[in-house]
Amino acid sequence: MTTVAVTGANGKTGRVVVADLLEHGHDVVALDIVAGPGDRDRMARIGTSLLGADLTDYGQAVDALQGVDAVVHLANIPAPGLFPAAHTLNTNTVMNNNVFLAAAQNKVSRVVWASSETTLGLPFDVPPR
Ligand SMILES: NC(=O)c1ccc[n+]([C@@H]2O[C@H](COP(=O)([O-])OP(=O)(O)OC[C@H]3O[C@@H](n4cnc5c(N)ncnc54)[C@H](O)[C@@H]3O)[C@@H](O)[C@H]2O)c1
């Protein structure tokens, strides 16, 4: 059995990934910056606990990934237009760097990272500048 950390565990993709990993017998460390009482209850009902962590903070990322065998990295601001562009770029860049660096620091050799289908050419409704 492996212990898998899922970042963005409270998000659309994260919830499905956490449930699937648990169904396949893995231990899951579920991480998300949004971790209210209702979110924690929902995660407890499917068999794990939700740890609140802001992964733009390197110390929190290092701490949260201690002792895991693999990371599924889904935490991000998932689309343009939700925040000012600079905030989205800066937040996601820092978060992605922190997760990969924290995985390396903890000697976690496997990271699954959700990129985006837009990198393969799927156009935005309004093309990027
Ligand atoms: N849903 C899609 O169709 C799709 C398509 C392509 C790529 N992706 C990528 O997959 C990933 C997940 O997408 P989603 O649709 O589940 O998004 P989502 O917004 O539902 O989930 C993202 C989660 O990340 C969390 N998060 C944000 N900032 C955080 C921080 N600083 N620290 C910790 N957690 C933080 C949010 O609270 C949220 O629960 C994203 O990287 C997104 O870009 C999604």
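First listed ligand is number 1; within each ligand, the first listed atom is number 1.
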A.B. asks: What pair of heavy atoms forms the shortest contact from L82 to P78, and how long is it?
C.D. replies: CD1-CD, 3.8 Å
A.B. asks: Taking all non-hydrogen atoms of both residues into account, name the closest pair between N10 and R42 and its distance.
C.D. replies: OD1-NH2, 2.7 Å
A.B. asks: Measuring only between side-chain heavy atoms, which start at C-beta, is D39 closer than 4.5 Å to D32?
C.D. replies: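 Counting from C-beta outward, D39 and D32 never come under 4.5 Å.
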A.B. asks: If you count only heavy atoms, which residues are under 4.0 Å from ligand 1?
C.D. replies: G8, N10, G11, K12, T13, D32, I33, V34, A53, D54, L55, T56, L74, A75, N76, P78, M95, A114, S115, S116, E117
A.B. asks: Could you work out, with side-chain contact (heavy atoms from CB on, under 4.5 Å) as the rule, every residue matching T13, not counting sequence neighbours?
C.D. replies: V17, L74
A.B. asks: Working to the nearest 0.5 angstrom, can you tell me the gap between L89 CG and I77 CD1?
C.D. replies: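 Result: 10.0 Å between the selected atoms.
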A.B. asks: Under a 4.5 Å cut-off applied to non-hydrogen side-chain atoms, are L31 and L65 in contact?
C.D. replies: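 Yes, at least one pair of side-chain atoms sits under 4.5 Å.
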